[in-house]
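Report on one structure; see the data block that follows.
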Amino acid sequence: MSENSLIKDIFDKVLTKRSLFKDRNVLRSEYIPKNLPFREEQIKTIAQILSPLLKGSRCSNLLLYGKTGTGKTAVTKYVLKALEETANSQNLNLKTVYCNTRIAGTEYRILYELSNYLGLKIPFTGLALKEVSERILNYITSMKFGVIFTLDEIDFLVKNSGDNLLYEFTRANERLKEGSLSLIGISNDLKFKELLDPRVLSSLSEEEMVFPPYTAEELKIILSERAKMAFNNGCIDDVTLNLCAALAASEHGDARRALDLLRVAGEIAEREGALKVEEKHARIAIRKIDEDRMIDALNSLPLHQKLLLLASFGSQGQSHTGEVYLRYVKLCEANSIEPLTSRRVTTLLSELDMLGLVSATTISKGRYGRTKKISPLISFEVVKKVYREDPFLKHIVDS
DNA sequence: CGTCCACAGGAATGACGGGCGG
DNA sequence: CCGCCCGTCATTCCTGTGGACG
């Protein structure tokens with residue numbers, strides 16, 4: 001076959017072959033389907049809790065628990081959307097605001113998002129926190145809004161900034177002459193309640209609800225329902241679905257992971273030009289998802305943490321903090337970079353530990369001190385490969 | 001059985017960039 | 001432009017500690 005016809009062949013294939021996907025957005029985690037199987041109970045209860053708002057009175061604050069991918073966010077958004085539609089048709093002044101505190105990052109940016117959604121202009125930065133919350137509350141009063149503010153991954157907020165902000169919010173209603181502010185907190189972590197001031201806790205958890213993980217069976221049904229919408233007929237079979245469900249079920253019934261898996265498997269199959277998504281595509285997808293996540297993590301590290309990660313690759317396997325620090329300093333000096341203090345390095349190392357790039361366990365060597373045993377959790381080859389892409393790191397890696 | 005190593009990790013503080021209101 | 005406030009990263013100083021050694 002000549003080169004020309006070879007190329008033509010590729011193009012022809014693309015044109016004539018119908019895609020495996022009907023609508024791949026259905027498999028994205030942001031997608032909220034028309035019905036959420038196995039969550040009817042939760043939907044009903046939340047709807048009931050929120051319903052006073054439709055009569056213009058305040059509703060209870062609500063706290064939702066459950067591991068990742070158990071449908072907390074989806075259910076919340078689902079109910080809020082329905083509530084908003086009803087309110088709109090009744091011309092009620094109801095506002096629902098969603099904010100992921102981990103993505104927002106700081107207290108200020110949380111308030112910033114809240115005011116933005118409400119239509120109140122707030123400077124990007126520069127104001128005192130008290131001032132911002134003051135303005136927001138005044139604004140709510142003056143507009144007579146009934147506001148539901150959803151704080152997703154609320155444990156993150158509390159761990160990083162304490163409960164000051166929540167305290168302000170929970171007592172907001174005493175201060176609001178008109179309008180109301182209700183909170184929905186979503187958390188993966190059951191223990192985060194211990195970090196809360198008892199007053200805040202009792203106010204925030206007027207209502208509580210736990211989302212159980214999905215079982216493998218449930219995941220399978222969820223997947224097949226979505227697959228029907230996402231893929232064209234006959235482009236995926238039960239074996240593949242089962243595999244995706246089983247894999248996600250083994251990781252605490254995480255539906256989001258199951259859907260990711262399915263989507264990536266589909267993309268791989270499509271790129272390969274396969275006629276249907278098969279088991280092997282799902283298996284490749286697992287690897288690819290993990291790898292992508294790791295490459296992202298590697299790239300988003302600040303410079304010194306990258307150097308530290310490189311320094312953590314010792315003679316063989318593991319080394320202690322002291323050795324890593326020594327290698328790190330050498331690495332810096334060899335490249336005329338000012339090294340950081342050892343104190344700073346300890347925190348950077350425990351961050352690497354939390355990111356899962358390195359394992360760090362405290363051990364005691366008795367007479368010879370107490371330290372952390374540090375061993376990289378990824379292969380040197382992968383790190384080298386990723387960092388060679390970086391023009392500055394390139395020659396550092398090659399030594 | 002006490003000492004003392006080699007750090008862990010908390011608290012306070014500071015430098016710096018960003019951005020307001022006045 | 002100044003003074004104030006925020007967030008981030010870093011330094012300095014500090015107290016705490018498991019267990020082998022003497």
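Residue numbers start from 1 in every chain, and the chains themselves are labelled A, B, ... in the order their sequence lines are given, proteins ahead of strands.
- For R343(A) against dG9(B), a side-chain-to-base donor-acceptor contact under 3.5 Å is present.
- Residue R344(A) places at least one side-chain N or O closer than 4.0 Å to OP1 or OP2 of dA10(C).
- A cation-pi contact, defined as under 6.0 Å to the ring centre and within 45° of the axis, links R39(A) to Y214(A).
- When the side-chain nitrogen and oxygen atoms of T346(A) are compared with OP1 and OP2 of dC7(B), none of them lie within a distance under 4.0 Å.
- When the nucleotides dA8(B), dC4(B), dA10(C) are ranked by their closest atom to the side chain of H304(A), dA10(C) comes out on top.
- Taking the six-membered ring for Trp and thresholds of 30 and 60 degrees, F313(A) and F380(A) have ring planes inclined between 30 and 60 degrees apart.
- Within the cation-pi definition used here (under 6.0 Å to the ring centroid, within 45° of the axis), K394(A) does not qualify as a partner of Y387(A).
- OP1 and OP2 of dA8(B) both lie 4.0 Å or more from every side-chain N or O belonging to T362(A).
- Regarding contacts with the backbone of dT8(C), a side-chain N or O of R109(A) is found under 4.0 angstrom from either OP1 or OP2.
- Distances were taken from every side-chain heavy atom of Y108(A) (C-beta onward) to each of dA6(B), dC4(B), dC6(C); the shortest belongs to dC6(C).
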Next item on the list: Check the pair M209(A), Y65(A) against side chain to side chain contact (heavy atoms under 4.5 Å, CB included), reporting the backbone distance first and the verdict last.
Entry: CA-CA 6 Å; M209(A) 195 181 299; Y65(A) 291 111; over 6 Å; no

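- A sub-4.0 Å separation between OP1 or OP2 of dC21(C) and a side-chain N or O of K365(A) is absent.
- Rounded to an integer number of Å, the gap from CZ of R135(A) to P of dC6(C) is 13 Å.
- Checking dA10(C), dG18(C), dA8(B) against every side-chain atom of L340(A), the shortest atom distance belongs to dA10(C).
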